[in-house]
Amino acid sequence: MSMFQPLNISSSALTAGRMKMDIISSNIANATTTRGKLVNGEWIPYRRKMVEVEPSGTAPFSQFLKNEVGANGVKVTKITEDQTPFQPVYDPAHPDANKDGYVMMPNVDITKEMVDLMSASRAYEANVTAFNVGKTISLKALDIGR
C-alpha cells in the first residue's frame, strides 16, 4: 500500500459524495417541475434521479479481503431515474392539468430527499475527517524521516 492510498480512497469518496449531494439538490429544486422532459411531443414531469456508487478496481470485495490488498476507493457508475409513478394532484387551474383537472407531479419526496441529503452530508464530513487524518499521518511520517 502506498503512502497516498488512504488519501486517494478518501478523495474518491469525497467526489462521489459531492455528486450525490448535487443530484439530491437537483431533485429538491425540481420537486414541482411538471415539464421535465419532452417525450413523443408531450411533456412529462421531472423524474427523481439517483446516484449508483461501487468500489473502484476490478476484483470483488471478497477477493480484496482474501488477498489483504485493500480497497481503491469508490466511483460513481451511473445516474439512474427513479421509475416510481408520478403523483396526480387535482388542480384544474394549472396549465398542465389534463381534461379531468389532474396534474402529474414529479416522483420526488422532499422528506426522503432531505434525509438522503443529511446522510450524504454526514458521510462527506466523515471522509473529510479521514482525509485530514491521513494527511496528518503522512506529514508525521515525513517528520520522522528527517
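Below, all heavy atoms of this structure are taken into account, side chains as well, without hydrogens, waters or symmetry copies.
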Can you hop from Ile24 to Val74 via hydrophobic side chains spaced under 4.5 Å?
no
Do Met21 and Ile28 share a hydrophobic cluster, counting only Ile, Leu, Val, Met, Phe, Trp and Tyr and linking them when any side-chain heavy atoms are less than 4.5 Å apart?
yes
In one Ile/Leu/Val/Met/Phe/Trp/Tyr side-chain cluster, 4.5 Å: Met19, Leu14:
no
Salt-bridge test for Glu81 and Lys37: reply yes if a basic N is under 4.0 Å from a carboxylate O, no otherwise.
yes
Measuring from Asn98:CG to Met104:CE, what's the distance to the nearest 0.5 Å?
8.0 Å
Could I get the full list of side chain to side chain donor-acceptor pair (under 3.5 Å) partners for Arg47, not counting sequence neighbours?
none
Distance from Ser119 atom OG to Met114 atom CE, nearest 0.5 Å?
12.5 Å
For Tyr102, look at atom OH and say whether over 12 heavy atoms of other residues, nucleotides or ligands are found less than 6.0 Å away.
no
Can you see whether Tyr46 engages Thr32 through a side-chain donor-acceptor pair at a distance of less than 3.5 angstrom?
no
If I take atom CE from residue Met118 and atom CD from residue Glu113, how far apart are they, to the nearest 0.5 angstrom?
13.0 Å
Could you work out, with side chain to side chain donor-acceptor pair (under 3.5 Å) as the rule, every residue matching Ser121, not counting sequence neighbours?
none
Applying salt bridge (Lys or Arg N to Asp or Glu O under 4.0 Å) as the test, list every pair that has at least one member in residues 90-111; sequence neighbours left out.
Arg35-Asp96
Treat each ILVMFWY residue as a node, draw an edge where side-chain heavy atoms are under 4.5 Å apart, and state whether Ile23 and Val76 are in one component.
yes
Using 4.0 Å as the upper bound for N to carboxylate O, is an ion pair formed by Asp116 and Arg48?
yes
Gly73 and Ser12 have their tightest heavy-atom pair at CA-OG, 3.2 Å
Any chain of hydrophobic side-chain contacts (each under 4.5 Å) joining Ile79 to Val53?
yes
Is the side chain of Ser11 donor-acceptor paired with the backbone N or O of Leu7 at a distance under 3.5 Å, no angle test?
yes
Does Asp143 have any salt bridge (Lys or Arg N to Asp or Glu O under 4.0 Å) partners at least two apart in sequence or in another chain, and if so, which?
Arg146
First locate atom CD1 of Ile110, then atom CG of Leu117, and finally report the distance between them rounded to the nearest 0.5 Å.
10.5 Å
Filter on salt bridge (Lys or Arg N to Asp or Glu O under 4.0 Å), then keep only pairs touching residues 128-137, sequence neighbours left out; what's left?
none
For the CG atom of Asn107 and the CD atom of Gln87, what is their distance to the nearest 0.5 Å?
8.0 Å
Expected list for residues 126-133: side-chain donor-acceptor pairs under 3.5 angstrom, two or more places apart:
unit_1	atom_1	unit_2	atom_2	d
Asn127	ND2	Ala123	O	3.0
Thr129	OG1	Glu125	O	3.1
Asn132	ND2	Val128	O	3.4

Does the side chain of Lys49 come within less than 4.5 Å of Asn27's, by heavy atoms?
yes
